[in-house]
Amino acid sequence: MISPLSLDSGGVDWILAAMTSDILYYEVLNIPLPELQNIKTLKVAFHHSTKNEVVSHSIRLSKNSTVGDMMNCLKSKVELCRPDAELRMVEVFYHKIYKIFPPHEKMENINDQYWTLRVEEIPEEETNLGPPDRLIHVYHFMKDPNQNQWKFAVLSMNHPEYLKDSDIVSGCFQKRDPYVWERYLGLEHTDTTPES
């Protein structure tokens, strides 16, 4: 049985002796330190539009670089469906898109520690949206385990407002404000995963 060290019987001296060492660990940098301090590294997940694959990339650019600069750098590392494809970067948390980054946003303002940064090709049908057109975020959720039907709802702050067959979905998303992404079209269904 191991007994705890007694501070009275030289335990502190033994701990101090164990903590001191003549070995110095260091890393040789391949770039000067001031340049390294000005670099931001972002980990992004690139979702290919036609292949069912996701590839993670670490992109290192100056902190003053923009999202547009980062996406141009990424274009040289990934296979695109078409040479003129545009990319977008979104912030994802718990399978919901919380933000679409504008190309002019500075990389130094982006946090990839708690969010997943997803980069994807913008589908052709979304590149020429007119004033009446809207992108609507959609996700699925499960509420009532006893129901065997699918229901559509508009969700705001995780509170569903169920749609009737006569409702016009686009009317629920006409408002143009910075918080429009807090509204989702939700598809409620039962959990069909097998129980273990």
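Position 1 is the first residue of the sequence; numbering continues from there. What you see is a predicted model, and the numbers here were worked out from it, not measured in a lab.
No more than 12 heavy atoms of other residues, nucleotides or ligands lie within 6.0 Å of CG in N128, so this atom counts as exposed by the packing criterion. In this structure, E124 places its CD atom where only 12 or fewer heavy-atom neighbours from other residues, nucleotides or ligands lie under 6.0 Å away. Heavy atoms from other residues, nucleotides or ligands lying under 6.0 Å from CD1 of I31 number more than 12.
Applying the salt bridge (charged side-chain N to carboxylate O under 4.0 Å, His left out) test to residues at least two apart or on different chains, the pairs with a partner in residues 65-79 are K51-E79.
Heavy atoms only, all atoms of each residue included: L155 and P160 are closest at CG-CA, 4.0 Å. Here the closest non-hydrogen pair linking N64 and E108 is OD1-OE2, 4.2 Å. In terms of heavy atoms, V54 sits closest to A45 at CG1-CB, 3.8 Å.
Below 30°, between 30° and 60°, or above 60°: for H137 and Y184 the angle between ring planes is between 30° and 60°, a tilted geometry.
There is no path of hydrophobic side-chain contacts, each under 4.5 Å, that joins I97 to F46. Under the 4.5 Å side-chain heavy-atom criterion for grouping Ile, Leu, Val, Met, Phe, Trp and Tyr, L185 is connected to L187 within one hydrophobic cluster. Linking Ile, Leu, Val, Met, Phe, Trp and Tyr whenever their side-chain heavy atoms come within less than 4.5 Å puts V92 and I100 in one cluster. Hydrophobic clustering (side-chain heavy atoms under 4.5 Å, transitive across Ile, Leu, Val, Met, Phe, Trp, Tyr) groups V169 together with F152.
The structure places OG of S49 at 8.0 Å from CG of L80, a figure rounded to the nearest 0.5 Å. Rounding to the nearest 0.5 Å places CD1 of I59 at 11.0 Å from OG of S65. Rounding to the nearest 0.5 Å gives a distance of 9.0 Å between OG of S58 and CG of L42. Atom CD in E86 sits 9.0 Å away from atom CE in M71 (nearest 0.5 Å). In this structure, NE2 in H47 is found 11.0 Å from CD in E53, a value given to the nearest 0.5 Å. In this structure, NZ on K106 lies 7.0 Å from OG1 on T66, to the nearest 0.5 angstrom.
Two residues are said to be in side-chain contact when any heavy atoms from C-beta on lie closer than 4.5 Å; L61 and K40 fail this criterion. Between E121 and C81 the shortest side-chain heavy-atom distance falls below 4.5 Å. The shortest side-chain heavy-atom distance between K43 and S56 falls under the 4.5 Å cut-off. E120 is listed as a side-chain neighbour of R88, based on a closest heavy-atom distance under 4.5 Å. Annotation: side chain of L117 is in contact with side chain of I110 (closest heavy-atom distance under 4.5 Å). Using a 4.5 Å heavy-atom threshold, the side chains of W115 and V90 count as separate. Counting heavy atoms from C-beta outward, V119 and M70 have side chains that approach closer than 4.5 Å.
The side chain to side chain contact (heavy atoms under 4.5 Å, CB included) test with Y114 is passed by exactly one of D112, T116, N111: N111.
Under the 3.5 Å distance criterion, the side-chain polar atoms of D167 are matched with a main-chain donor or acceptor of K164.
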